[in-house]
A.B. asks: 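Sharing a structure below in structure tokens format, with a few things to ask.
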Number of protein chains: 2
Amino acid sequence: MLRLRELADHLGVSTATVSRALNDKPGVSAETRRKVVAAAQEMSYRPNAAARALITATTRTVVFAVHRHHFPLSVDPFYPGIMRGLEETLAAEHYGVLLLTLSDEDLRAGPGTLPVLQEGRADALVAAGPDIPPQFILAAAGRSMPVILVDNALRETAIPTVTADDPGGCRDATRHLIDIHGHRSIALLRGTPGWVSSDGRADGYCDAMKAAELEPRVVSVEDTTIATGAVALIEVLEAWPDTTAIVAVNDAMAIGAIRQAAKLSRRVPEDLAVVGFDDISWAALSDPPLTTVRVPIVQIGRRAGRVLLDHFEDVITVSSRTTLATELIVRSSCGCDESPAPVMNSSGPRRHETDHE
Amino acid sequence: MLRLRELADHLGVSTATVSRALNDKPGVSAETRRKVVAAAQEMSYRPNAAARALITATTRTVVFAVHRHHFPLSVDPFYPGIMRGLEETLAAEHYGVLLLTLSDEDLRAGPGTLPVLQEGRADALVAAGPDIPPQFILAAAGRSMPVILVDNALRETAIPTVTADDPGGCRDATRHLIDIHGHRSIALLRGTPGWVSSDGRADGYCDAMKAAELEPRVVSVEDTTIATGAVALIEVLEAWPDTTAIVAVNDAMAIGAIRQAAKLSRRVPEDLAVVGFDDISWAALSDPPLTTVRVPIVQIGRRAGRVLLDHFEDVITVSSRTTLATELIVRSSCGCDESPAPVMNSSGPRRHETDHE
DNA sequence: AAGGTGTTCGCAATCGCTTGCGCTATCTTT
DNA sequence: AAAGATAGCGCAAGCGATTGCGAACACCTT
């Protein structure tokens, strides 16, 4: 491998000059800079990352951390999609993304035991998903490593966050059932409380119901899978037999509900309208095709990347909580015969952010 | 951050001794070693990765490269699953895994333009998938960076490889249709020729057919999606209307075929038996549930990790081509009413490998 | 003509760790 | 008892980049 020294000797200048020329630092004449850049290009010189990292204390690497059981999710490549978005935008600036899958053990032991986070191998941590415990996140943030959360949020902290507009998306979906199809008896199938996405979606449902002066009907179950979706539907129909429409906090539960409805010989959407959330790839392929709320998975990752790049560029940000718009994807499981043009989330793209300096 | 120097001063020994003690190098008494290790633990000392990398010319990092459009695949988290397996086993030895998603442009330009591969930021490259062009792989391997291929292979090279037993799996699936269900008119739905997985699976199908003295019926289409599966089925039925069973090279095509069969009012499995390949999460959920061949996704990644670790441990390997066993998962789309115990791939786990030294 | 200002560039220190080599003390051998 | 072998440890030289500081030079200003 060609070293800086050799390039400098070849040009008859000092390493200092070459370094400054290549890094766009002042103190080099335009003429010299041109020559240096040309020679570097010509001889295909690449700076050694380790040497640079040693002195700049910066690695151009960020860690993407996610619960091991959720990468990928059994049913959907949600976090891989986010990671890909992150990698796309960071790679453009020559940053790399390290994957770190966390076992339950790791989460209990905290970030102190993870070499990747401890040996100065990364400049920042992107923690994905609501099941990374706050104490883990705070411990990582405490070690003066920038942390940013995706598909998660922590109240009472200044930790930057990128999420989808869960409340808005679920509000739109619920409203669609109320306004377009005239449903009055709409139940929510939700998962584990405490997860920000589930909570946000539940809030959106309740908002829409209350705005229409309807009584919310909520069933909570552990986990948000096809199996629990089926169970939740049974509970709903026992508690409120007159229910005509279902909002599920994710597509897996919605599909579970649809399958359970078939077993109970309730036709979807004639007897029971169903809408989901996420727009996983199989939503379009279920029978009937599932009306759902698309979350901009890759864009979440991209935006997280942008936030980080701003941070590295010394754009000092006091607080940064980004919410990305969702999109209602209308298919036939809600009773719409043919798909009209997609309806944008009424709240539109939003970014709550306070930039300073 | 605590430096080696400070630890050494604290103990009243030299940095050399501390370094040797911590790295299990000879030249330190058991007693001193004990003390050093204890103090390091106590003061939670972590070596600086950059400094170490600079002198050892080794980074404890490997790159996982995959085509950007395939991470994740639209329908299935195949490569994320492999990456997770890779990360799991490498993390145990304190190695990190960098994700690199390659655009078509990157693939054309070659590895020379990618900072992550050029700046000495990684010790090895794991290239995933059949659509990374040979020239790209060879160029990367040429730069004295170890390369290993997963879900791909290159003839006439010594590049280590980890793949699933595609021929074996497809042979088993085909045999199942012949031996258990007595089918004689079995067609193969296959995708783009040249992709090792597709080719291997097609070979396995042909082998089984020839062994039973049956005429192969093969339809090739571009791409292996639900849509092309449907198209391929139409072609099959036009060419051979008496076909009673279908082998598809992946589950997406199989599901496409099942859906198309429904449109043509052929019942599955009564009029047409269908088997797929991959066992994606939705195979069990399709209607009818899909008989398919499970490929050990995460294990492929794990094995790739092991091969790399061996390499880093200076286990010199002349050639290494690992084939992992698949498993036939019998569900009702092939005509089996209830699922018997899963049938192991008859070829069993195999590893063609020549270790030297 | 002397001094001031500004630009361009090189010297050398530094980042935190590893490791070859040499020194000392202890142990074994003849 | 002298000489050689061995083990344990420290000194100091790197690894390949970045960067503060001063030197050299050109160009103005008084």
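Only a predicted model underlies this, so the values are computations on that prediction, with no experimental measurement involved. Letters A, B, ... mirror the listed sequences (proteins, then strands); counts begin at 1.
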A.B. asks: With the side chain of B:Arg3 defined as its heavy atoms from C-beta on, choose the nearest nucleotide among C:dT18, C:dG16, D:dA17.
C.D. replies: C:dG16

A.B. asks: Does the side chain of A:Thr15 get closer than 4.0 angstrom to OP1 or OP2 of D:dT18 through an N or O atom?
C.D. replies: no

A.B. asks: Given C:dT18, D:dG10, C:dG10, which nucleotide is nearest the side-chain atoms of A:Ala16?
C.D. replies: C:dG10

A.B. asks: State whether B:Lys25 places a side-chain N or O below 4.0 Å from either non-bridging phosphate oxygen (OP1 or OP2) of C:dT19.
C.D. replies: yes

A.B. asks: Examine A:Phe64 together with A:Tyr79 and report whether their ring centres are nearer than 6.0 Å.
C.D. replies: no

A.B. asks: Are there more than 12 heavy atoms of other residues, nucleotides or ligands under 6.0 Å from atom CZ of A:Arg143?
C.D. replies: yes

A.B. asks: Give the rounded distance in Å between these two atoms: CG of B:Asp9 and P of C:dG16.
C.D. replies: 13 Å

A.B. asks: Does OP1 or OP2 of C:dC17 have a side-chain N or O of B:Thr56 closer than 4.0 Å?
C.D. replies: no

A.B. asks: Can you tell me if A:Thr17 touches the phosphate of C:dG10, counting only side-chain N or O atoms and a distance under 4.0 Å to OP1 or OP2?
C.D. replies: yes

A.B. asks: Using OP1 and OP2 only, check whether a side-chain N or O of A:Asn23 sits under 4.0 Å from D:dT18.
C.D. replies: yes

A.B. asks: C:dT18, OP1 or OP2 - any side-chain N/O from B:Arg52 closer than 4.0 Å?
C.D. replies: yes

A.B. asks: Can you tell me the distance, in whole Å, between the CG atom of A:Leu7 and the P atom of C:dG10?
C.D. replies: 13 Å

A.B. asks: Looking at A:Arg34 and A:Glu31, is there a salt bridge between them, counting it only when a charged N and a carboxylate O are closer than 4.0 Å?
C.D. replies: yes

A.B. asks: Is the shortest heavy-atom distance from the side chain of A:Val63 to the side chain of A:Val97 under 4.5 Å?
C.D. replies: no

A.B. asks: Specify the separation, in whole Å, of atom CZ of B:Arg121 and atom P of D:dC15.
C.D. replies: 22 Å

A.B. asks: Between B:Ser29 and D:dC9, is there a side-chain N or O to OP1/OP2 distance below 4.0 Å?
C.D. replies: yes

A.B. asks: Round to a whole Å and report the spacing from CD of A:Glu119 to P of C:dT18.
C.D. replies: 10 Å

A.B. asks: Is it possible for you to check whether A:Arg84 lies under 6.0 Å from the centre of the six-membered ring of B:Phe71, through NZ or CZ, and within 45° of that ring's axis?
C.D. replies: no

A.B. asks: Output yes when at least one side-chain N/O atom of A:Tyr45 is less than 4.0 Å from OP1 or OP2 of D:dG16, else no.
C.D. replies: no

A.B. asks: Could you state the atom-to-atom distance from CZ of B:Arg46 to P of C:dC15 in whole Å?
C.D. replies: 22 Å

A.B. asks: Would you kindly compare B:Gly12 and B:Ile55 by the position of their nearest DNA chain D nucleotide and give the one closer to the 5′ end?
C.D. replies: B:Gly12

A.B. asks: Return the value, rounded to whole Å, for the distance between atom CZ of B:Arg33 and atom C1' of D:dA7.
C.D. replies: 12 Å

A.B. asks: Considering only NZ, NE, NH1 and NH2 on the basic side and carboxylate oxygens on the acidic side, decide whether B:Arg68 and B:Asp104 come within less than 4.0 Å.
C.D. replies: no

A.B. asks: Take atom CG of A:Leu22 and atom P of D:dG16, then tell me their distance rounded to the nearest Å.
C.D. replies: 17 Å

A.B. asks: By nearest atom, which of the nucleotides C:dG10, C:dG16, D:dA17 is closest to the B:Leu54 side chain?
C.D. replies: C:dG16

A.B. asks: Nearest to the B:Arg20 side chain among C:dC21, C:dA12, C:dT18, which nucleotide is it?
C.D. replies: C:dC21

A.B. asks: Using a cut-off of less than 4.0 Å, is there contact between a side-chain N or O of B:Ser19 and OP1 or OP2 of C:dT18?
C.D. replies: yes

A.B. asks: Just the rounded figure in Å: distance from C1' of C:dG16 to CZ of B:Arg5.
C.D. replies: 11 Å

